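This one's a predicted model, so the numbers in the text were calculated from it and none came from an experiment. The sequence lines fix the lettering, A, B, ..., with proteins before strands; numbering per chain opens at 1.
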2 protein chains.
Amino acid sequence: MKLEKILGNELSPWMTGGGLEGDIVLSSRIRLARNLDKIPFPNRADNNQLSEVLSCARGAVENLNNGSFQYYFEELDNLQALDRYLLVEKHIVSPMHVQTPQGRGLIIRSDGSVSIMVNEEDHLRIQALTRGLDLEGALELANYTDDRLEESQSFAFEESLGYLTACPTNLGTGLRASVMLHLPALVYTKQLNRLIMAATQLGLAVRGLYGEGSESTGNIFQISNQLTLGYNEQEIVENLNSMVLQVVEQERAAREFLIKGSKEVVEDTVWRAYGMLRYARSISAQEALATLSQVRLGIDVGMIKEIPAEVFNELIVLTRPSYIRKFYGVSDMEPAARDRMRATVIRNKLQGGTE
Amino acid sequence: MKLEKILGNELSPWMTGGGLEGDIVLSSRIRLARNLDKIPFPNRADNNQLSEVLSCARGAVENLNNGSFQYYFEELDNLQALDRYLLVEKHIVSPMHVQTPQGRGLIIRSDGSVSIMVNEEDHLRIQALTRGLDLEGALELANYTDDRLEESQSFAFEESLGYLTACPTNLGTGLRASVMLHLPALVYTKQLNRLIMAATQLGLAVRGLYGEGSESTGNIFQISNQLTLGYNEQEIVENLNSMVLQVVEQERAAREFLIKGSKEVVEDTVWRAYGMLRYARSISAQEALATLSQVRLGIDVGMIKEIPAEVFNELIVLTRPSYIRKFYGVSDMEPAARDRMRATVIRNKLQGGTE
């Protein structure tokens, strides 16, 4: 199975850090919601109709392949539960998509940066991920995929409404653009609530690391557009992009403020986090995220110089529960063993495996 | 002033670790209470009488000197407040002795292992400190000092009661033997209260790091005899010695129990403490003691191998507030600066000053 190979890659390109505003913006994402004409939306479709959508998706893969990248289709039912959770942690599918795998599928590009959830809330949800602040790049990737799909499929579309979607909030472009940001200084200076309110008034939403309702541990937040109707794709992306640039500016100002006003406290905090991560023998996923965030802040403001910033981006993913299970064979039934393995993974990464 | 030289030595011999049962017993101490004949006890003496005692002490110094070591006399009033506090932290004088320095004095041997408080509760309190479990050695040192003093002074003594002392609990031998122990495993396994009760029934007392009423942070405890009357010196020392050996055995059993039952928790705890001490930029005295204790436990049970056990004994003293002030010139008015300097001292000691 080719998907196994993709799952076996620890890191997708967008996880390795860098990119525009890469000290604050971790990744950019575009999602397009599409539905096949004449087949009920997944929540209304029977098993035969869901199968029909899966068949269409399987058939569309050939047309997506190009010189550089291969695409693969797989039904979620054929995957082990662990691999499904891994897909969630890699941000390739939504938590909702794997909850009931029957009748659901996935198309994925070999480097993991483009994926299509089949029979999630809509028949097809195209996702493209890029590193740093690069919504344009993600939109290009998503549009390419959309265009290739449309060559072989007929999408539900209404002249007055645009693309039809299962939930009316996605009507029109079916586009959701989102950006993942690391905002420790805005959290520490308690400015985040003000920011969330301002973003909401501008038709944007702010969420935690794993989307709707997910916790914001690690000071990582997603900002995305709420409105899909009444603006074209370009306008949505530009609107979000300019908002993100403002947030980046505010985070930078907050970092400067912290360094000026509480340099010693920040220094102590980030070095303690580093010391803990370098030596602890057992770390929970939550604690790992929280302290990795502090260490990353220390790197970004020039206090910690001995490790590269990318280590943070990598470890955010490598320390997730299913990652630990997948790559180190620790079963789900042993949370204590998983916490110990997490500490080992982090220690090896930070010490180069020397201690 | 010669005393300045002694104060300027960071470490006394007993602080550098080693000795019998040195993994658990930090130091042994003998104290002899003596009073000059025909002069009221210090709490009843007027200023002239206190001065008379100080003169006798000054005069007795010459007779104490021998080939290997010099003895020095100083009135506490002539010392700076900082140096007086330093003497407390070095366990050379009691906290009570420096509270009102007027009319009080000190005789000290050049290596700091013998000292005589003048006009504390009694006219003369001879103290001898040795490393590890070595009450015999300390008694020998104290007795030598006592004998030399008695050659030139006449002590208050009653045939039926023995040496007379200000407080009746010290009557008879005037001897208090005490041993400083590091008992982390008995604390973690919650066996210490049982031990304290057993010790009390045997006429012994268990106290914290700085004597009566002092906190027991760092899992360091003093065990000492309560009874001074009705036993001769040898019996008191042997009684305490055998009790200490039992406690040592229990602490070893508790460590083994911890390692067997909670190895991974202990490992995580001691390494986290080590990571914190290695990297923190600000550490309070309390936190330093608590985490140094954990690191020392890690060394003793063979989990931490990269630093020698003595570092713990040294850092317990080097991180006390007055030490930081004395050796690094950080004023008492800046507790934040002191906590930062403490972190620096610890970091340099643990990293060899490389980071």
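Annotation: salt bridge (charged side-chain N to carboxylate O under 4.0 Å, His left out) contacts of B:R84 (sequence neighbours excluded): none.
When all heavy atoms of B:R272 and A:S282 are compared, the closest pair comes out as NH2-O, 2.7 Å.
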Can you give each donor-acceptor pair under 3.5 Å made by side-chain atoms of residues 190-197 of chain B, sequence neighbours left out, with the distance rounded to 0.1 Å?
| residue | atom | partner | partner atom | Å |
| --- | --- | --- | --- | --- |
| B:Q191 | OE1 | B:R194 | NH2 | 3.0 |
| B:Q191 | NE2 | B:T189 | OG1 | 2.7 |

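Around the OH atom of B:Y85, the shell of radius 6.0 Å holds no more than 12 heavy atoms that belong to other residues, nucleotides or ligands.
Distance check, rounded to the nearest 0.5 Å: CD of B:E267 to CZ of A:R340 gives 9.0 Å.
Partner of B:R281 under the side chain to side chain contact (heavy atoms under 4.5 Å, CB included) criterion, out of A:V270, A:D268, A:V266: A:D268 alone.
For B:L277, no part lies near chain A; criterion is any non-hydrogen pair under 4.5 Å.
The aromatic rings of A:Y279 and B:Y274 lie perpendicular to each other, with more than 60° between the two planes, well past the 30° mark.
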